[in-house]
Amino acid sequence: MEFEEKVTKVEHLFDGKVIDLDRETVTLPNGKESFREIVRHHGAVGVIAITPEDKMVFIKQWRAPLGQVTLEIPAGKIEPDEQTSPLETATRELNEEARYQAQNIELVMPFYTSPGFADEKIYLYHASGLEKVAEELPQDEDEFLEKVELTLPEALKAMQNGLICDSKTIMAVMFWQLMN
């Protein structure tokens with residue numbers, strides 16, 4: 001069976017700070033025409049950071065789309081000059097958000113957040129050998145963050161209570177649980 005859709009037209013609808021939006025006209029495998037609204041994103045990283053005290057580092061922040069405070073792993077979007085090195089973004093975000101540097105950072109896996117409508121790819125890293133940074137990078141002016149360190153049982157409880165509710169952080173907690 002043929003699955004590939006043929007793009008016949010692209011309308012660029014919106015340029016934003018975080019996302020762009022395109023509307024594609026496609027020809028389906030059966031020859032019929034349809035439309036796809038696609039969110040374009042530069043990509044992002046997430047960092048599974050475990051302290052020497054066996055606690056995971058989370059960032060407490062307000063998330064406007066959800067209308068609530070969340071606990072998430074240190075994460076951020078890949079800047080245009082970092083496109084060839086998501087590891088550089090992971091190192092930067094770990095410093096900016098958590099004020100840590102790692103002796104070792106390894107790629108766990110890249111994944112797509114919502115392939116039904118977005119091309120956002122997140123690179124999930126595991127950071128070990130954490131130490132406080134000597135030189136703190138400035139945080140983004142529009143971010144209000146608080147670092148929180150939780151044990152695995154505390155993180156699982158935060159998931160049950162809905163504080164940990166995004167896919168990258170849930171994956172990080174599950175990865176940590178499997179490590180133990």
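All heavy atoms count here, side chains included; hydrogens, waters and symmetry mates do not.
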Take E24 and R40 through the salt bridge (charged side-chain N to carboxylate O under 4.0 Å, His left out) test and state the conclusion after the steps. CA-CA 12 Å; E24 292 184 350; R40 304 287 182 192; 2.8 Å; yes
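- Evaluation of the salt bridge (Lys or Arg N to Asp or Glu O under 4.0 Å) test over residues 168-180, restricted to residues two or more places apart or in two chains, returns E72-K168, D166-K168.
- Contacts of F111 classified as ring pair (Phe, Tyr, Trp, His ring centres under 6.0 Å), with partners at least two apart in sequence or in another chain: none.
- Both M109 and I122 sit in one connected hydrophobic cluster of ILVMFWY residues. Membership requires side-chain heavy atoms under 4.5 Å apart, directly or through other members.
- A 4.5 Å side-chain heavy-atom check between L137 and R92 finds at least one atom pair inside the cut-off.
- Taking every heavy atom of both residues into account, P86 and V45 meet most closely at O-CG1, 3.4 Å.
- Pairs of residues two or more places apart, or lying in two chains, never qualify as ring-ring contact (aromatic ring centres under 6.0 Å, His included) while including a residue from residues 85-110.
- More than 12 heavy atoms of other shown residues, nucleotides or ligands fall within 6.0 angstrom of atom NZ in K6.
- Within the model, atoms CD1 of I73 and CD1 of I170 stand 11.0 Å from one another, a figure rounded to the nearest 0.5 Å.
- Looking only at side-chain heavy atoms (C-beta outward), M159 and V173 come within less than 4.5 Å of each other.
- In this structure, F117 and I38 have side chains that are not in contact, with every pair of non-hydrogen atoms separated by 4.5 Å or more.
- Hydrophobic clustering, with ILVMFWY side chains joined whenever heavy atoms are under 4.5 angstrom apart, keeps L94 apart from M56.
- More than 12 heavy atoms of other residues, nucleotides or ligands shown are found within 6.0 angstrom of CE on M174.
- Nearest heavy atom pair, residue G46 against residue A75, reads CA-CB, 3.9 Å.
- With respect to K77 and E120, no salt bridge is recorded, no charged nitrogen being found less than 4.0 Å from a carboxylate O.
- Side-chain contact, T91 with E88: no donor N or O sits under 3.5 Å from an acceptor N or O.
- The nearest pair of heavy atoms linking V47 to A127 is CG1-CB, 3.7 Å.
- One side chain, Q103 or E131, offers a donor N or O that lies under 3.5 Å from an acceptor on the other.
- For the 3.5 Å distance criterion, the side chains of T89 and E82 qualify, holding a donor opposite an acceptor.
- Within the 4.5 Å cutoff, side-chain heavy atoms of H41 are placed close to those of I19.
- Checking E93 against N95 by side-chain atom types alone, no donor-acceptor pair falls below 3.5 Å.
- In terms of heavy-atom proximity, A102 sits nearest to S128 at CB-O, 3.5 Å.
- A cation-pi arrangement is present between R23 and F35 under the rule of less than 6.0 angstrom and at most 45 degrees off the ring axis.
- At a threshold of 4.0 Å, the pair D142-K17 counts as salt-bridged, since one of the basic side-chain nitrogens sits closer than that to a carboxylate oxygen.
- Contact annotation: the side chain of K60 approaches that of V69 to within less than 4.5 Å [non-hydrogen atoms, C-beta and beyond].
- Scanning all heavy atoms of the two residues, the minimum distance from Q68 to C165 falls at NE2-SG, 3.8 Å.
- A heavy-atom distance below 4.5 Å is not found between the side chains of V39 and F14.
- You'll find the side chain of Q177 stays beyond 4.5 Å of the side chain of M179, heavy atoms only.
- Here the options are V108, V57, I105, T169, the test is side chain to side chain contact (heavy atoms under 4.5 Å, CB included), and the partner is I48; only V108 passes.
- Within 6.0 Å of the NZ atom in K157, the count of heavy atoms belonging to other residues, nucleotides or ligands does not exceed 12.
- Across all their heavy atoms, A158 and L71 have their closest contact at CB-CD1, 4.2 Å.
- Side-chain contact check for E37 versus E11: every heavy-atom pair is 4.5 Å or farther apart.
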